[in-house]
Amino acid sequence: MQNYLLTQLDSGTRVITEPLQGVRSAAIGLWIGTGSRDEDEARAGVTHFLEHLLFKGSSKYSAQDIAEIFDTFGGELNAATARDYTVVYGRVLDEHVETAVDVMTDMVFAPSLADLDSEREVVLEEIAMIEDSPQELVHDLITQAVFGKHPLGRPVLGNAEVIANVSRRSVAAYHRARYTAANVVVAAAGSVEHKPLLALVERMEEKLRDPPARKPAARAPFIASPPPTLRFQRKDTEQYHVCLGAPGISRSDKRRFAASILDGVLGGSASSRLFQEIREKRGLAYSVYTYSSQYADTGQIGIYVGTREENLAVCLEIIAEQIASIAAGEVSDEELDRAKQNLKGRIMLSMELTSNRMSRLGKSVITDSELMSLDRILAEIEAVEASGVAELAGVLLAREGLSAAAIGPREDRLLAAVEPLCPALVAAAAA
């Protein structure tokens, strides 16, 4: 049984709640349907910069007020920017819900956009921090390699030059265009009542500046994948940080459950093939894993390994062997069952936290995804067959479709290691 209530207000704002018995806390999230993929190149990073500025004060509360209120509550307040949404979220005791919602809605809909220059420096430092962390930066490089010039290929943090020069007027215009009532979902889970929350959210609309009763313009769809590419950034590091990647599947694709099982079998857990073969059995790397992202119209699948030069070719050879093995259908019943139980267990354990339940609600509604019951999700996972996992591995991780990205001291050593796995990719890079 679904245990949530969903209401759409006249303004278009959607409010979804999941009351839970036996808890004293409530997790609340304001989900805005705008992310880095909604930016043009001249405003790359404005969405993330705006998220930072929400904490710098609003029409009623200063930055210090915001911090002190949630500290006094013993609560949590944070935010995140993704490629297709922004979220401001908090968790407080139920007796503080009204104040928390008032502060959060004021931050989101009536930001003062104060201290622009000081926060600009904070964001530039964040970008610099990623630049100094090759194990993080390589993920931006592989995303660029997979999606090319499409907005999905740009880093969420944006372009340092844009951030250094963007004006308050430009940020305010972006806020007015994207932070509209019809583009917002308010989600809450825990010790919270639906009708009182509706009343609190309706007050939110009074804070909107000239509120348009419509959603912003539609975002650019991802129509076709560009040819696979190889990106290398030279840096004097002890390790080569390497990602292999390709377009994945969308969040509405029926194969997404098989994709999660593929992730678990290949590299998504401590018992996965890549972790066992590369780290545990041979000691070739400290960090090796697979990952995937899903969007409305596409997705991304990736493999990461960080290793020293003398181990690089062997690691990539093992990755190629394991992909081929899975694609050939060599997945045992025990392996498949372990991946299923792992995934089901992680999902069920996550549902014990009000913040995770709130995130499930908010993300589903803001991205217009089907909100499945927990029982249905578990049934879909259990229904995945080894043949479906093999077929998906063959499609998503085919050698001719893989892009590569790496950070390390010498490009020629990287190309030599990648060539047996992706000869066409290396040939194109050398051309």
Side-chain angles (χ1 to χ4, degrees), residues 28-71 75-91 100-133 136-137 139-140 151 154-180 183-185 204 207-209 216 355 359 362-363 366:
I28 307 151
L30 274 68
W31 298 75
I32 304 96
T34 189
S36 61
R37 72 174 296 178
D38 298 301
E39 304 161 344
D40 55 36
E41 197 165 354
R43 292 189 288 188
V46 170
T47 307
H48 174 252
F49 187 29
L50 176 56
E51 175 227 303
H52 272 247
L53 291 171
L54 301 180
F55 289 80
K56 303 304 290 184
S58 64
S59 64
K60 289 174 60 178
Y61 303 98
S62 69
Q64 187 165 347
D65 290 336
I66 293 168
E68 288 179 352
I69 287 169
F70 277 83
D71 280 352
E76 303 168 5
L77 179 65
N78 212 330
T81 303
R83 285 181 164 81
D84 46 8
Y85 61 81
T86 303
V87 58
V88 176
Y89 58 95
R91 190 164 70 100
V101 171
D102 186 61
V103 173
M104 293 169 68
T105 55
D106 214 62
M107 290 168 57
V108 168
F109 293 103
S112 62
L113 303 181
D115 297 330
L116 198 78
D117 288 334
S118 64
E119 199 61 28
R120 189 195 310 275
E121 294 302 316
V122 171
V123 174
L124 289 173
E125 289 295 337
E126 186 176 1
I127 293 172
M129 181 176 67
I130 297 298
E131 291 284 344
D132 284 343
S133 305
E136 300 292 335
L137 181 61
H139 291 288
D140 284 340
R154 291 198 295 265
V156 171
L157 298 188
N159 182 294
E161 185 177 352
V162 172
I163 301 303
N165 294 286
V166 67
S167 66
R168 184 183 186 280
R169 181 177 180 180
S170 180
V171 175
Y174 190 78
H175 178 269
R176 284 194 301 271
R178 307 298 308 185
Y179 279 55
T180 67
N183 201 33
V184 170
V185 169
M204 168 190 81
K207 303 174 183 181
L208 290 168
R209 300 168 178 171
S355 54
S359 292
K363 189 182 294 186
I366 199 63

Legend entry - Heavy-atom check, side chain of Trp31 versus side chain of Val184, under 4.5 Å: no
Legend entry - Validation row: Leu54, Leu50 side chains within 4.5 angstrom (heavy atoms): yes
Legend entry - Plane angle bin for Tyr179 and Phe109 - parallel if under 30°, tilted between 30 and 60°, otherwise perpendicular: perpendicular
Legend entry - Stepwise side-chain contact (heavy atoms from CB on, under 4.5 Å) test for Tyr85 and Lys363: CA-CA 8 Å; Tyr85 61 81; Lys363 189 182 294 186; 3.3 Å; yes
Legend entry - Neighbour count >12 (heavy atoms, 6.0 Å) for atom NZ, Lys56: yes
Inset, instruction - Give a yes or no on whether the backbone of Val166 and the side-chain of Arg120 come within a donor-acceptor separation of less than 3.5 Å. - result: yes
Inset, instruction - Assess whether side-chain contact (heavy atoms from CB on, under 4.5 Å) is satisfied between Asp140 and Arg154, documenting all intermediate values. - result: CA-CA 7 Å; Asp140 284 340; Arg154 291 198 295 265; over 6 Å; no
Legend entry - Expected output: side-chain Asp115 to main-chain Ser118 donor-acceptor under 3.5 Å: no
Inset, instruction - Verify the distance criterion only: is there a donor paired with an acceptor across the side chains of Ser359 and Tyr89 at less than 3.5 Å? - result: no
Legend entry - From CZ (Phe49) to OG1 (Thr81), nearest 0.5 Å: 12.0 Å
Inset, instruction - Can you measure from CZ (Arg91) to CG (Asn78) and round to the nearest 0.5 angstrom? - result: 12.5 Å
Inset, instruction - Tell me, with the steps shown, if Val122 and His52 meet side-chain contact (heavy atoms from CB on, under 4.5 Å). - result: CA-CA 9 Å; Val122 171; His52 272 247; 4.1 Å; yes
Inset, instruction - Report yes if the side chains of Ser36 and Val156 come closer than 4.5 Å at any heavy-atom pair, otherwise no. - result: yes
Legend entry - Nearest non-hydrogen partners of Glu39 and His48, listed with the distance: OE2-N, 4.3 Å
Inset, instruction - Of all the heavy-atom pairs spanning Ile366 and Gly33, show the shortest one and how long it is. - result: CD1-N, 3.5 Å
Legend entry - Exercise: do Asp65 and Ser62 side chains pair donor with acceptor under 3.5 Å: yes
Inset, instruction - Report yes if the side chains of Leu77 and Met104 come closer than 4.5 Å at any heavy-atom pair, otherwise no. - result: yes
Legend entry - Between Thr86 and Glu51, a side-chain donor and acceptor under 3.5 Å: no
Legend entry - Asp106 side-chain N/O to Ser59 backbone N/O, donor-acceptor pair under 3.5 Å: yes
Inset, instruction - Compare all side-chain heavy atoms of Glu119 with those of Phe55 and state whether any distance is below 4.5 angstrom. - result: no
Inset, instruction - Go through the steps for Asn183 and Ile32 under the test side-chain contact (heavy atoms from CB on, under 4.5 Å), then give the verdict. - result: CA-CA 6 Å; Asn183 201 33; Ile32 304 96; 4.2 Å; yes
Legend entry - CD1-CZ distance between Ile163 and Arg43, expressed to the nearest 0.5 angstrom: 12.0 Å
Legend entry - Expected output: side-chain Ser112 to main-chain Gly57 donor-acceptor under 3.5 Å: yes
Inset, instruction - Nearest 0.5 Å please: distance from the CE atom of Met107 over to the NZ atom of Lys60. - result: 13.5 Å
Legend entry - Heavy-atom side-chain contact between Met129 and Glu136 under 4.5 Å: no
Legend entry - Validation row: Leu116, Leu53 side chains within 4.5 angstrom (heavy atoms): yes
Legend entry - Residue pair Asp38 / Tyr174, side-chain heavy-atom distance below 4.5 Å: yes
